[in-house]
Trainee: 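For reference, the structure I am asking about is given below.
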Amino acid sequence: MRRSDRRSRPARQRLGNVVAQKHEGSRMSGLRERLGRLRSESVSQQSQPPASLEEEKIADATDQEGESFAVPKAFRSIGVAQKETEFGSFLLRKIEYSFPYRHGTHELADLHGCSPFLQPIAFRQNKKDEVIAPEHLLFLDTETTGLGVGTGNVPFMIGFGYITETAFVVEQTLIRHPGEEKAMLSYLLGHMKNKSHLVTYNGRTFDWPVLTNRFILNGWRKSGADPGHIDFLHPSRALWRTTLPSCRLSTVEVERLGIQRGEDVPGSLAPALYFQYLSDGNPDHLHGVYTHNEKDILTLASLCVHFGLLLSGRNDAEIIEASESEELFRTASWLEQHGEAILAERLFDRLGEREVIGEGGWSLALAARFKRSGQYARALPLWKKASEYAEAATAPKLDAHVELAMYFEHRDKRLDMALHYAEKALELALRRARLISDAKKRREEKEALQRRVARLREKISRASERKS
DNA sequence: ATAGACGTGCCTGTCAGATC
DNA sequence: GATCTGACAGGCACGTCTAT
(Lines give C-alpha, C1' and ligand atoms only; values in the text may rest on other atoms or scores of the structure.)
Protein backbone atom coordinates (compact mmCIF):
# COMPACT_ATOMS: atom_id res chain seq x y z
CA MET A 1 0.00 0.00 0.00
CA ARG A 2 1.02 3.58 -0.47
CA ARG A 3 1.72 5.63 2.56
CA SER A 4 -1.41 7.11 4.08
CA ASP A 5 -2.62 7.93 7.56
CA ARG A 6 -5.71 5.85 8.11
CA ARG A 7 -5.60 5.33 11.82
CA SER A 8 -9.06 4.53 13.12
CA ARG A 9 -8.60 6.06 16.57
CA PRO A 10 -6.25 8.70 17.90
CA ALA A 11 -3.11 7.09 19.28
CA ARG A 12 -3.45 9.25 22.38
CA GLN A 13 -6.80 7.69 23.22
CA ARG A 14 -5.39 4.16 22.88
CA LEU A 15 -2.37 5.17 24.89
CA GLY A 16 -4.64 6.56 27.58
CA ASN A 17 -6.50 3.26 27.79
CA VAL A 18 -3.31 1.30 28.23
CA VAL A 19 -1.94 3.65 30.86
CA ALA A 20 -5.24 3.62 32.72
CA GLN A 21 -5.36 -0.15 32.68
CA LYS A 22 -1.75 -0.44 33.79
CA HIS A 23 -2.51 1.89 36.67
CA GLU A 24 -5.56 -0.14 37.59
CA GLY A 25 -3.45 -3.29 37.46
CA SER A 26 -0.90 -1.86 39.84
CA ARG A 27 -3.58 -1.52 42.51
CA MET A 28 -4.24 -5.25 42.45
CA SER A 29 -2.92 -6.65 45.66
CA GLY A 30 -2.59 -10.36 45.05
CA LEU A 31 -2.36 -13.09 42.46
CA ARG A 32 -5.86 -14.35 43.31
CA GLU A 33 -7.38 -10.96 42.58
CA ARG A 34 -5.53 -10.72 39.26
CA LEU A 35 -6.59 -14.21 38.24
CA GLY A 36 -10.16 -13.41 39.25
CA ARG A 37 -10.06 -10.30 37.12
CA LEU A 38 -8.64 -12.12 34.11
CA ARG A 39 -11.26 -14.87 34.50
CA SER A 40 -14.15 -12.42 34.67
CA GLU A 41 -12.78 -10.51 31.65
CA SER A 42 -12.45 -13.72 29.72
CA VAL A 43 -16.02 -14.73 30.61
CA SER A 44 -17.40 -11.35 29.66
CA GLN A 45 -15.57 -11.55 26.35
CA GLN A 46 -17.02 -14.95 25.65
CA SER A 47 -20.53 -13.85 26.50
CA GLN A 48 -20.23 -10.50 24.74
CA PRO A 49 -17.59 -10.61 22.02
CA PRO A 50 -16.61 -7.21 20.55
CA ALA A 51 -19.25 -6.80 17.85
CA SER A 52 -16.93 -5.07 15.43
CA LEU A 53 -14.38 -7.89 15.46
CA GLU A 54 -16.93 -10.61 14.86
CA GLU A 55 -18.41 -8.66 11.99
CA GLU A 56 -14.97 -8.13 10.53
CA LYS A 57 -14.16 -11.85 10.54
CA ILE A 58 -17.34 -12.58 8.69
CA ALA A 59 -16.70 -9.74 6.27
CA ASP A 60 -13.18 -10.97 5.78
CA ALA A 61 -14.19 -14.49 4.95
CA THR A 62 -16.64 -13.28 2.35
CA ASP A 63 -14.92 -10.36 0.68
CA GLN A 64 -11.31 -11.51 0.79
CA GLU A 65 -9.76 -14.52 -0.73
CA GLY A 66 -6.54 -16.51 -0.23
CA GLU A 67 -3.94 -14.49 1.61
CA SER A 68 -6.12 -12.22 3.72
CA PHE A 69 -8.61 -14.77 4.94
CA ALA A 70 -9.50 -14.17 8.61
CA VAL A 71 -7.48 -10.96 8.82
CA PRO A 72 -9.63 -8.42 10.70
CA LYS A 73 -10.55 -5.17 8.98
CA ALA A 74 -8.66 -3.18 11.59
CA PHE A 75 -5.49 -4.85 10.27
CA ARG A 76 -6.46 -4.60 6.63
CA SER A 77 -7.19 -0.90 7.01
CA ILE A 78 -3.45 -0.30 7.51
CA GLY A 79 -2.39 -2.66 4.74
CA VAL A 80 -1.78 -5.82 6.77
CA ALA A 81 -2.33 -9.15 5.04
CA GLN A 82 -1.66 -12.76 5.90
CA LYS A 83 1.51 -14.25 4.44
CA GLU A 84 1.93 -17.96 3.83
CA THR A 85 5.30 -19.72 3.92
CA GLU A 86 6.47 -23.32 4.04
CA PHE A 87 6.68 -22.92 7.84
CA GLY A 88 3.15 -21.52 8.23
CA SER A 89 1.65 -18.05 8.20
CA PHE A 90 2.13 -14.63 9.83
CA LEU A 91 0.94 -11.09 9.15
CA LEU A 92 2.78 -8.81 6.77
CA ARG A 93 2.50 -5.11 5.99
CA LYS A 94 4.39 -3.54 3.12
CA ILE A 95 4.73 0.18 2.41
CA GLU A 96 6.52 1.78 -0.53
CA TYR A 97 7.87 5.30 -0.38
CA SER A 98 8.35 6.31 -4.01
CA PHE A 99 11.26 8.63 -4.72
CA PRO A 100 11.61 11.48 -4.26
CA TYR A 101 10.74 10.97 -0.59
CA ARG A 102 12.08 13.22 2.12
CA HIS A 103 12.11 12.05 5.75
CA GLY A 104 13.06 15.10 7.80
CA THR A 105 15.90 17.03 6.21
CA HIS A 106 17.22 14.15 4.13
CA GLU A 107 16.06 12.78 0.79
CA LEU A 108 16.03 8.98 1.02
CA ALA A 109 16.95 8.59 -2.67
CA ASP A 110 20.35 9.98 -1.64
CA LEU A 111 21.04 6.56 -0.10
CA HIS A 112 22.15 5.57 -3.59
CA GLY A 113 25.03 8.04 -3.53
CA CYS A 114 25.84 7.95 0.20
CA SER A 115 26.08 4.27 1.03
CA PRO A 116 29.63 3.63 -0.26
CA PHE A 117 30.94 6.27 2.14
CA LEU A 118 29.66 4.34 5.16
CA GLN A 119 32.43 1.76 4.87
CA PRO A 120 34.58 3.21 7.71
CA ILE A 121 31.79 2.72 10.27
CA ALA A 122 30.61 -0.66 9.03
CA PHE A 123 31.52 -3.76 10.95
CA ARG A 124 32.04 -6.91 8.94
CA GLN A 125 34.27 -9.86 9.71
CA ASN A 126 36.98 -10.59 7.13
CA LYS A 127 35.69 -8.07 4.58
CA LYS A 128 37.09 -4.75 5.66
CA ASP A 129 37.55 -3.08 2.28
CA GLU A 130 34.26 -4.14 0.80
CA VAL A 131 32.31 -1.39 -0.99
CA ILE A 132 28.86 -0.96 0.52
CA ALA A 133 26.13 -1.05 -2.08
CA PRO A 134 22.83 0.62 -1.13
CA GLU A 135 20.77 -2.31 -2.38
CA HIS A 136 22.69 -4.59 -0.01
CA LEU A 137 21.60 -2.75 3.13
CA LEU A 138 18.78 -4.07 5.29
CA PHE A 139 17.42 -1.51 7.77
CA LEU A 140 16.17 -3.44 10.78
CA ASP A 141 14.12 -2.68 13.87
CA THR A 142 12.32 -5.20 16.06
CA GLU A 143 9.55 -4.78 18.61
CA THR A 144 9.94 -7.33 21.38
CA THR A 145 8.21 -8.42 24.55
CA GLY A 146 10.98 -7.01 26.74
CA LEU A 147 14.50 -5.71 26.94
CA GLY A 148 16.67 -8.69 27.73
CA VAL A 149 18.43 -10.63 25.02
CA GLY A 150 17.79 -13.98 26.70
CA THR A 151 15.55 -16.74 25.40
CA GLY A 152 12.47 -15.28 27.13
CA ASN A 153 12.38 -12.18 24.97
CA VAL A 154 10.29 -12.67 21.84
CA PRO A 155 10.33 -10.36 18.81
CA PHE A 156 6.65 -10.11 17.93
CA MET A 157 7.18 -7.57 15.15
CA ILE A 158 10.16 -7.37 12.80
CA GLY A 159 10.35 -4.30 10.64
CA PHE A 160 12.89 -4.03 7.85
CA GLY A 161 13.52 -1.63 5.02
CA TYR A 162 15.48 -1.69 1.80
CA ILE A 163 16.05 0.45 -1.22
CA THR A 164 15.07 -0.24 -4.82
CA GLU A 165 15.74 1.83 -7.95
CA THR A 166 12.56 3.82 -7.45
CA ALA A 167 11.52 3.57 -3.81
CA PHE A 168 12.33 2.88 -0.20
CA VAL A 169 10.34 -0.14 0.94
CA VAL A 170 9.33 -0.98 4.52
CA GLU A 171 8.02 -4.42 5.42
CA GLN A 172 6.65 -5.26 8.86
CA THR A 173 5.95 -8.79 10.06
CA LEU A 174 3.73 -9.62 13.04
CA ILE A 175 3.01 -12.88 14.80
CA ARG A 176 -0.39 -13.53 16.35
CA HIS A 177 0.95 -16.34 18.52
CA PRO A 178 4.32 -18.08 19.15
CA GLY A 179 3.51 -20.75 16.54
CA GLU A 180 3.96 -18.16 13.79
CA GLU A 181 7.48 -17.20 14.81
CA LYS A 182 9.28 -19.70 12.60
CA ALA A 183 7.42 -18.53 9.49
CA MET A 184 8.21 -14.91 10.31
CA LEU A 185 11.90 -15.66 10.88
CA SER A 186 12.16 -17.65 7.66
CA TYR A 187 10.72 -14.66 5.80
CA LEU A 188 13.33 -12.39 7.37
CA LEU A 189 16.10 -14.84 6.47
CA GLY A 190 14.87 -14.81 2.89
CA HIS A 191 15.29 -11.04 2.79
CA MET A 192 18.72 -11.20 4.41
CA LYS A 193 20.07 -13.54 1.74
CA ASN A 194 21.19 -10.89 -0.75
CA LYS A 195 22.07 -8.26 1.87
CA SER A 196 25.58 -7.53 3.13
CA HIS A 197 24.85 -5.27 6.13
CA LEU A 198 22.15 -4.76 8.72
CA VAL A 199 21.51 -1.14 9.63
CA THR A 200 20.22 -0.61 13.18
CA TYR A 201 20.23 1.58 16.26
CA ASN A 202 21.83 -0.37 19.11
CA GLY A 203 21.08 -3.45 17.04
CA ARG A 204 24.50 -5.00 17.51
CA THR A 205 23.74 -5.26 21.20
CA PHE A 206 20.00 -5.71 21.13
CA ASP A 207 18.06 -6.65 17.96
CA TRP A 208 20.61 -8.99 16.40
CA PRO A 209 21.40 -11.02 19.58
CA VAL A 210 17.65 -11.39 20.23
CA LEU A 211 17.07 -12.61 16.67
CA THR A 212 20.09 -14.93 16.80
CA ASN A 213 18.61 -16.60 19.89
CA ARG A 214 15.25 -16.97 18.18
CA PHE A 215 16.87 -18.53 15.10
CA ILE A 216 18.60 -21.09 17.31
CA LEU A 217 15.46 -21.84 19.33
CA ASN A 218 13.56 -22.39 16.10
CA GLY A 219 16.03 -24.94 14.85
CA TRP A 220 18.41 -22.97 12.64
CA ARG A 221 22.10 -23.61 13.20
CA LYS A 222 24.56 -20.80 12.91
CA SER A 223 26.53 -21.14 9.71
CA GLY A 224 29.22 -18.77 8.52
CA ALA A 225 30.00 -15.30 9.77
CA ASP A 226 27.42 -12.87 11.11
CA PRO A 227 26.10 -10.34 8.62
CA GLY A 228 27.89 -7.03 8.38
CA HIS A 229 26.48 -4.35 10.63
CA ILE A 230 26.15 -0.59 10.70
CA ASP A 231 24.93 0.43 14.12
CA PHE A 232 24.25 4.17 14.37
CA LEU A 233 24.05 4.36 18.17
CA HIS A 234 27.79 4.76 18.64
CA PRO A 235 28.43 7.25 15.83
CA SER A 236 25.48 9.28 17.16
CA ARG A 237 26.96 9.29 20.63
CA ALA A 238 30.36 10.25 19.29
CA LEU A 239 28.87 13.36 17.66
CA TRP A 240 26.07 14.40 19.96
CA ARG A 241 26.74 12.98 23.41
CA THR A 242 27.61 16.36 24.88
CA THR A 243 25.24 18.56 22.90
CA LEU A 244 21.95 16.62 23.04
CA PRO A 245 20.01 15.79 26.21
CA SER A 246 20.20 12.12 25.17
CA CYS A 247 21.20 10.05 22.15
CA ARG A 248 17.99 8.05 21.97
CA LEU A 249 16.83 7.66 18.38
CA SER A 250 13.74 9.77 19.13
CA THR A 251 15.87 12.68 20.35
CA VAL A 252 18.42 12.45 17.55
CA GLU A 253 15.74 12.46 14.84
CA VAL A 254 14.02 15.57 16.21
CA GLU A 255 17.14 17.55 17.07
CA ARG A 256 19.44 16.64 14.19
CA LEU A 257 17.41 15.12 11.36
CA GLY A 258 14.47 17.53 11.36
CA ILE A 259 11.91 14.79 11.89
CA GLN A 260 8.65 15.41 13.75
CA ARG A 261 6.62 12.29 14.50
CA GLY A 262 3.56 13.91 16.01
CA GLU A 263 1.76 11.45 18.22
CA ASP A 264 3.99 8.46 18.73
CA VAL A 265 3.70 5.36 20.89
CA PRO A 266 6.98 5.08 22.81
CA GLY A 267 8.84 1.81 22.27
CA SER A 268 8.59 1.06 25.98
CA LEU A 269 4.81 0.66 25.59
CA ALA A 270 5.09 -1.83 22.73
CA PRO A 271 5.14 -4.97 24.94
CA ALA A 272 2.07 -3.80 26.92
CA LEU A 273 0.17 -3.01 23.71
CA TYR A 274 1.03 -6.40 22.24
CA PHE A 275 -0.18 -8.13 25.40
CA GLN A 276 -3.42 -6.11 25.14
CA TYR A 277 -3.81 -7.35 21.58
CA LEU A 278 -3.12 -10.95 22.65
CA SER A 279 -5.61 -10.69 25.48
CA ASP A 280 -8.57 -9.19 23.57
CA GLY A 281 -7.63 -9.74 19.92
CA ASN A 282 -8.23 -6.11 19.00
CA PRO A 283 -5.74 -5.03 16.28
CA ASP A 284 -6.35 -1.36 17.10
CA HIS A 285 -3.87 -1.71 19.99
CA LEU A 286 -1.10 -2.34 17.48
CA HIS A 287 -1.69 0.55 15.08
CA GLY A 288 0.62 2.80 17.09
CA VAL A 289 3.28 0.09 17.27
CA TYR A 290 3.18 -0.33 13.49
CA THR A 291 3.60 3.40 13.01
CA HIS A 292 6.40 3.62 15.58
CA ASN A 293 8.32 0.77 13.98
CA GLU A 294 7.81 2.16 10.47
CA LYS A 295 9.12 5.58 11.50
CA ASP A 296 12.14 4.03 13.24
CA ILE A 297 13.11 2.33 10.00
CA LEU A 298 12.69 5.54 7.99
CA THR A 299 14.82 7.34 10.56
CA LEU A 300 17.54 4.70 10.15
CA ALA A 301 17.54 5.44 6.43
CA SER A 302 17.75 9.14 7.17
CA LEU A 303 20.69 8.54 9.55
CA CYS A 304 22.36 6.60 6.77
CA VAL A 305 22.13 9.60 4.47
CA HIS A 306 23.30 11.93 7.24
CA PHE A 307 26.44 9.95 8.07
CA GLY A 308 27.06 9.10 4.43
CA LEU A 309 27.09 12.80 3.56
CA LEU A 310 29.31 13.52 6.56
CA LEU A 311 31.86 10.89 5.56
CA SER A 312 31.76 11.99 1.92
CA GLY A 313 32.64 15.55 2.92
CA ARG A 314 29.90 16.82 0.64
CA ASN A 315 28.11 18.84 3.30
CA ASP A 316 31.16 20.35 5.05
CA ALA A 317 29.97 23.89 4.53
CA GLU A 318 26.55 23.19 6.05
CA ILE A 319 28.10 21.44 9.03
CA ILE A 320 30.54 24.24 9.69
CA GLU A 321 27.74 26.80 9.34
CA ALA A 322 25.20 25.00 11.50
CA SER A 323 27.28 23.33 14.21
CA GLU A 324 28.25 24.83 17.49
CA SER A 325 31.96 24.50 18.21
CA GLU A 326 31.69 21.57 20.62
CA GLU A 327 29.81 19.52 18.04
CA LEU A 328 32.12 20.56 15.23
CA PHE A 329 35.09 19.39 17.30
CA ARG A 330 33.45 16.06 18.05
CA THR A 331 32.55 15.63 14.37
CA ALA A 332 36.13 16.34 13.30
CA SER A 333 37.53 13.97 15.95
CA TRP A 334 35.14 11.27 14.85
CA LEU A 335 36.12 11.71 11.19
CA GLU A 336 39.79 11.54 12.16
CA GLN A 337 39.17 8.39 14.19
CA HIS A 338 37.61 6.79 11.11
CA GLY A 339 40.50 7.52 8.83
CA GLU A 340 39.11 10.68 7.22
CA ALA A 341 42.14 12.79 8.14
CA ILE A 342 41.75 15.37 5.37
CA LEU A 343 38.07 16.01 6.10
CA ALA A 344 38.85 16.19 9.82
CA GLU A 345 41.71 18.62 9.32
CA ARG A 346 39.43 20.95 7.37
CA LEU A 347 36.98 21.08 10.27
CA PHE A 348 39.75 21.45 12.88
CA ASP A 349 41.14 24.38 10.90
CA ARG A 350 37.81 26.17 10.82
CA LEU A 351 37.37 25.51 14.51
CA GLY A 352 40.76 26.99 15.33
CA GLU A 353 39.71 30.16 13.53
CA ARG A 354 36.63 30.66 15.71
CA GLU A 355 36.88 33.65 18.02
CA VAL A 356 34.50 32.62 20.77
CA ILE A 357 35.50 30.03 23.32
CA GLY A 358 32.72 28.87 25.60
CA GLU A 359 32.50 26.56 28.54
CA GLY A 360 32.88 23.36 26.51
CA GLY A 361 36.16 21.52 26.63
CA TRP A 362 36.65 21.55 22.87
CA SER A 363 39.27 24.33 22.75
CA LEU A 364 41.54 22.57 25.22
CA ALA A 365 40.96 19.24 23.52
CA LEU A 366 41.81 20.78 20.15
CA ALA A 367 44.93 22.37 21.63
CA ALA A 368 45.90 19.00 23.14
CA ARG A 369 45.53 17.46 19.71
CA PHE A 370 47.84 20.10 18.19
CA LYS A 371 50.28 19.57 21.07
CA ARG A 372 50.38 15.79 20.50
CA SER A 373 51.26 16.33 16.87
CA GLY A 374 53.91 18.91 17.78
CA GLN A 375 51.96 21.87 16.33
CA TYR A 376 52.64 24.20 19.28
CA ALA A 377 52.13 27.33 17.18
CA ARG A 378 48.51 26.27 16.63
CA ALA A 379 47.96 25.19 20.22
CA LEU A 380 49.30 28.43 21.73
CA PRO A 381 46.50 30.82 20.67
CA LEU A 382 43.89 28.32 21.84
CA TRP A 383 45.51 28.03 25.28
CA LYS A 384 45.74 31.81 25.49
CA LYS A 385 42.09 32.30 24.58
CA ALA A 386 41.06 29.58 27.04
CA SER A 387 43.16 31.14 29.81
CA GLU A 388 41.52 34.53 29.25
CA TYR A 389 38.12 32.86 29.38
CA ALA A 390 39.06 31.03 32.59
CA GLU A 391 40.23 34.22 34.30
CA ALA A 392 36.84 35.79 33.70
CA ALA A 393 34.85 32.72 34.78
CA THR A 394 33.32 32.24 38.23
CA ALA A 395 34.38 28.58 38.33
CA PRO A 396 37.60 28.74 36.30
CA LYS A 397 39.39 25.75 34.78
CA LEU A 398 43.15 25.73 35.34
CA ASP A 399 44.19 23.49 32.45
CA ALA A 400 45.03 26.28 29.99
CA HIS A 401 47.27 28.05 32.52
CA VAL A 402 49.08 24.82 33.39
CA GLU A 403 49.59 24.05 29.69
CA LEU A 404 50.96 27.55 29.12
CA ALA A 405 53.29 27.19 32.13
CA MET A 406 54.59 23.89 30.70
CA TYR A 407 54.93 25.35 27.23
CA PHE A 408 56.93 28.40 28.35
CA GLU A 409 59.14 26.32 30.66
CA HIS A 410 59.96 23.41 28.35
CA ARG A 411 59.41 24.70 24.80
CA ASP A 412 59.74 28.48 24.70
CA LYS A 413 62.23 28.50 27.60
CA ARG A 414 60.86 31.78 28.96
CA LEU A 415 60.82 31.00 32.66
CA ASP A 416 59.29 34.35 33.64
CA MET A 417 56.23 33.61 31.46
CA ALA A 418 56.03 30.05 32.84
CA LEU A 419 56.06 31.47 36.38
CA HIS A 420 53.42 34.02 35.45
CA TYR A 421 50.97 31.34 34.26
CA ALA A 422 51.79 29.00 37.16
CA GLU A 423 51.11 31.78 39.67
CA LYS A 424 47.91 32.70 37.86
CA ALA A 425 46.82 29.04 37.98
CA LEU A 426 47.49 28.95 41.72
CA GLU A 427 45.47 32.13 42.17
CA LEU A 428 42.56 30.61 40.22
CA ALA A 429 42.84 27.37 42.19
CA LEU A 430 42.48 29.30 45.45
CA ARG A 431 39.51 31.21 44.04
CA ARG A 432 37.93 27.98 42.80
CA ALA A 433 38.65 26.05 46.00
CA ARG A 434 35.45 27.32 47.57
CA LEU A 435 33.45 25.70 44.77
CA ILE A 436 35.02 22.21 44.95
CA SER A 437 33.52 19.98 47.58
CA ASP A 438 36.22 17.28 47.35
CA ALA A 439 38.70 18.47 50.02
CA LYS A 440 41.42 15.95 49.07
CA LYS A 441 41.30 16.88 45.40
CA ARG A 442 41.31 20.56 46.30
CA ARG A 443 44.38 20.14 48.49
CA GLU A 444 46.29 18.03 45.97
CA GLU A 445 45.58 20.50 43.17
CA LYS A 446 46.77 23.42 45.28
CA GLU A 447 49.91 21.59 46.45
CA ALA A 448 50.89 20.56 42.92
CA LEU A 449 50.63 24.18 41.77
CA GLN A 450 52.60 25.41 44.80
CA ARG A 451 55.38 22.93 43.97
CA ARG A 452 55.40 24.12 40.37
CA VAL A 453 55.60 27.78 41.38
CA ALA A 454 58.39 27.05 43.91
CA ARG A 455 60.37 25.01 41.40
CA LEU A 456 60.09 27.73 38.75
CA ARG A 457 61.16 30.43 41.21
CA GLU A 458 64.23 28.39 42.15
CA LYS A 459 65.03 27.76 38.52
CA ILE A 460 64.81 31.48 37.75
CA SER A 461 67.01 32.42 40.69
CA ARG A 462 69.63 29.83 39.70
CA ALA A 463 69.57 31.14 36.14
CA SER A 464 70.07 34.74 37.29
CA GLU A 465 72.93 33.66 39.63
CA ARG A 466 74.64 31.99 36.70
CA LYS A 467 74.30 35.17 34.60
CA SER A 468 75.77 37.39 37.32
C1' DA B 1 14.48 -4.98 33.86
C1' DT B 2 19.56 -6.76 30.85
C1' DA B 3 23.89 -6.75 28.54
C1' DG B 4 27.34 -4.77 25.93
C1' DA B 5 29.90 -0.79 23.96
C1' DC B 6 32.23 3.04 24.93
C1' DG B 7 34.01 7.14 27.54
C1' DT B 8 36.31 8.77 31.63
C1' DG B 9 39.36 8.87 35.35
C1' DC B 10 42.92 6.90 37.90
C1' DC B 11 47.19 4.39 38.36
C1' DT B 12 51.59 2.82 36.81
C1' DG B 13 55.61 2.40 33.99
C1' DT B 14 58.71 4.51 30.83
C1' DC B 15 61.24 8.09 28.84
C1' DA B 16 63.45 12.58 28.46
C1' DG B 17 65.43 16.53 30.29
C1' DA B 18 67.48 19.09 34.14
C1' DT B 19 70.55 19.30 37.83
C1' DC B 20 74.40 18.25 40.66
C1' DG C 1 77.13 9.41 35.18
C1' DA C 2 73.59 9.20 38.84
C1' DT C 3 69.50 10.93 40.48
C1' DC C 4 65.32 13.43 40.44
C1' DT C 5 61.19 15.36 38.39
C1' DG C 6 57.70 16.04 35.00
C1' DA C 7 55.24 14.53 30.84
C1' DC C 8 52.80 11.17 28.62
C1' DA C 9 50.97 6.74 26.95
C1' DG C 10 48.71 2.46 27.99
C1' DG C 11 45.89 -0.47 30.81
C1' DC C 12 42.26 -1.26 33.92
C1' DA C 13 37.96 -0.48 36.55
C1' DC C 14 33.91 1.74 36.74
C1' DG C 15 29.86 4.40 35.27
C1' DT C 16 26.58 5.67 31.76
C1' DC C 17 23.43 4.80 28.26
C1' DT C 18 20.68 2.43 24.68
C1' DA C 19 17.34 -0.96 22.74
C1' DT C 20 11.75 -3.01 24.09
Side-chain angles (χ1 to χ4, degrees), chain A residues 18 121 123 140-159 198-214 229-242 244-253 264-275 286 288-290 292-293 296-297 299-300 303 330 333-334 337-338 361 364-365 368-369 371-374 376 379 399 402-411 413 415 418 422 438 440-441 444-445 447-449 451-456 458-463 465-466:
Chain A
V18 172
I121 57 169
F123 175 84
L140 179 77
D141 183 46
T142 62
E143 307 303 322
T144 68
T145 55
L147 266 188
V149 292
T151 52
N153 193 17
V154 180
F156 62 85
M157 180 182 285
I158 300 174
L198 298 175
V199 182
T200 62
Y201 204 77
N202 201 26
R204 266 189 79 191
T205 308
F206 183 71
D207 302 73
W208 184 242
V210 168
L211 286 172
T212 302
N213 281 338
R214 302 316 298 180
H229 212 132
I230 301 173
D231 186 337
F232 282 117
L233 169 63
H234 304 295
S236 300
R237 277 191 178 153
L239 262 57
W240 301 311
R241 195 163 43 83
T242 52
L244 289 183
S246 87
C247 285
R248 308 164 78 98
L249 187 60
S250 54
T251 307
V252 165
E253 68 176 16
D264 184 43
V265 169
S268 57
L269 275 185
L273 289 162
Y274 184 60
F275 287 133
L286 294 176
V289 181
Y290 269 111
H292 170 84
N293 179 265
D296 273 1
I297 291 161
T299 297
L300 284 175
L303 269 174
R330 296 191 76 87
S333 302
W334 180 80
Q337 212 179 340
H338 287 89
L364 286 170
R369 185 187 166 276
K371 181 186 175 183
R372 265 198 303 279
S373 57
Y376 286 91
D399 309 47
V402 173
E403 289 293 349
L404 284 164
M406 276 159 45
Y407 168 77
F408 281 113
E409 180 185 355
H410 300 294
R411 298 278 151 188
K413 311 283 183 190
L415 296 177
D438 187 339
K440 184 173 171 248
K441 197 175 173 186
E444 285 173 356
E445 181 182 82
E447 287 171 358
L449 286 167
R451 277 198 302 276
R452 186 182 294 276
V453 168
R455 187 172 52 77
L456 282 165
E458 256 183 63
K459 214 169 173 178
I460 288 170
S461 92
R462 276 197 304 270
E465 276 170 23
R466 250 181 266 133

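Hydrogens, waters and symmetry mates are skipped; everything else that's a heavy atom, side chains included, is used. Naming: A, B, ... by sequence-line order, numbering from 1 per chain. Just so it is clear, the model here is predicted, and its values are computed rather than measured.
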Trainee: Check whether any side-chain heavy atom of Trp334(A) sits under 4.5 Å from a side-chain heavy atom of Ile121(A), and report yes or no.
Mentor: yes
Trainee: For the pair made of CG in Asn153(A) and P in dT18(C), what is the distance, rounded to whole Å?
Mentor: 19 Å
Trainee: Looking at dG7(B), dT20(C), dA7(C), which one has an atom nearest to any side-chain atom of Arg452(A)?
Mentor: dA7(C)
Trainee: Scan Thr144(A), Thr200(A), Thr142(A), Thr212(A) and name whichever one has a side-chain hydrogen bond (donor to acceptor under 3.5 Å, both in side chains) with Asp207(A).
Mentor: Thr142(A)
Trainee: Give one of base, sugar-phosphate or nothing for Thr200(A), where a contact means two heavy atoms less than 4.0 Å apart.
Mentor: nothing
Trainee: Could you work out which one of dT20(C), dA3(B), dA7(C) sits closest to the side chain of Thr205(A)?
Mentor: dA3(B)
Trainee: Once you apply a heavy-atom cut-off of 4.0 Å, does Ser246(A) come out as touching a base, just sugar-phosphate, or nothing?
Mentor: sugar-phosphate
Trainee: Taking only side-chain nitrogens and oxygens of Arg455(A), does any of them come within less than 4.0 Å of OP1 or OP2 of dA18(B)?
Mentor: no
Trainee: For dA7(C), does OP1 or OP2 lie under 4.0 Å from any side-chain N or O of Arg411(A)?
Mentor: no
Trainee: What nucleic acid atoms does Arg237(A) come within less than 4.0 Å of, heavy atoms only: base, sugar-phosphate, or nothing?
Mentor: base
Trainee: Give one of base, sugar-phosphate or nothing for Asp296(A), where a contact means two heavy atoms less than 4.0 Å apart.
Mentor: sugar-phosphate
Trainee: Nearest-Å distance, CG (Leu415(A)) to C1' (dT19(B))?
Mentor: 14 Å
Trainee: For the side chain of Arg241(A), counting heavy atoms from C-beta on, which of dA5(B), dA19(C), dT8(B) is nearest?
Mentor: dT8(B)
Trainee: Under 4.0 Å, counting only non-hydrogen atoms across every strand here, what does Leu233(A) touch: a base, just sugar-phosphate, or nothing?
Mentor: sugar-phosphate
Trainee: Counting only side-chain N and O atoms of Lys371(A), is one of them less than 4.0 Å from OP1 or OP2 of dA7(C)?
Mentor: no
Trainee: Could you give the CE-to-C1' distance, from Met406(A) to dT5(C), as a whole number of Å?
Mentor: 13 Å
Trainee: Rounding to a whole Å, what distance do you find between His229(A):NE2 and dG4(B):P?
Mentor: 15 Å
Trainee: Report the distance from atom CZ of Phe232(A) to atom C1' of dA5(B), rounded to the nearest whole Å.
Mentor: 17 Å
Trainee: Look at the side chain of His234(A) and decide which nucleotide, out of dA5(B), dT20(C), dA19(C), has an atom nearest to it.
Mentor: dA5(B)
Trainee: Tyr376(A) OH to dA7(C) P: how many Å, rounded?
Mentor: 11 Å
Trainee: Give, for atom CG of Leu269(A) and atom NE2 of His292(A), the distance between the pair rounded to the nearest 0.5 Å.
Mentor: 10.0 Å
Trainee: To the nearest Å, how far apart are Phe123(A) CZ and dA5(B) P?
Mentor: 9 Å
Trainee: Roughly how far apart are Ser236(A) OG and Asn202(A) CG, rounded to 0.5 Å?
Mentor: 10.5 Å
Trainee: At under 4.0 Å between heavy atoms, what does Asp141(A) touch on the DNA or RNA strands: base, sugar-phosphate, or nothing?
Mentor: sugar-phosphate
Trainee: Report the C-alpha distance between Leu140(A) and Leu211(A) in whole Å, list the side-chain angles of each, state the deciding distance to 0.1 Å, and finish with yes or no for side-chain contact (heavy atoms from CB on, under 4.5 Å).
Mentor: CA-CA 11 Å; Leu140(A) 179 77; Leu211(A) 286 172; 3.7 Å; yes
Trainee: Between Arg237(A) and Arg330(A), is any pair of side-chain heavy atoms under 4.5 Å apart?
Mentor: no
Trainee: Measure from the side-chain heavy atoms of His410(A) and tell me the nearest of dA19(C), dG6(C), dC8(C).
Mentor: dG6(C)
Trainee: Just compare dT19(B), dT18(C), dA5(B) and give me whichever is closest to any side-chain atom of Lys459(A).
Mentor: dT19(B)
Trainee: Atom CD of Glu458(A) to atom P of dG6(C): distance rounded to whole Å?
Mentor: 11 Å
Trainee: Output the single nucleotide from dT20(C), dG6(C), dA19(C) whose closest atom is nearest the side chain of Pro271(A).
Mentor: dT20(C)
Trainee: Any side-chain N or O of Lys413(A) under 4.0 Å from OP1/OP2 of dA18(B)?
Mentor: yes
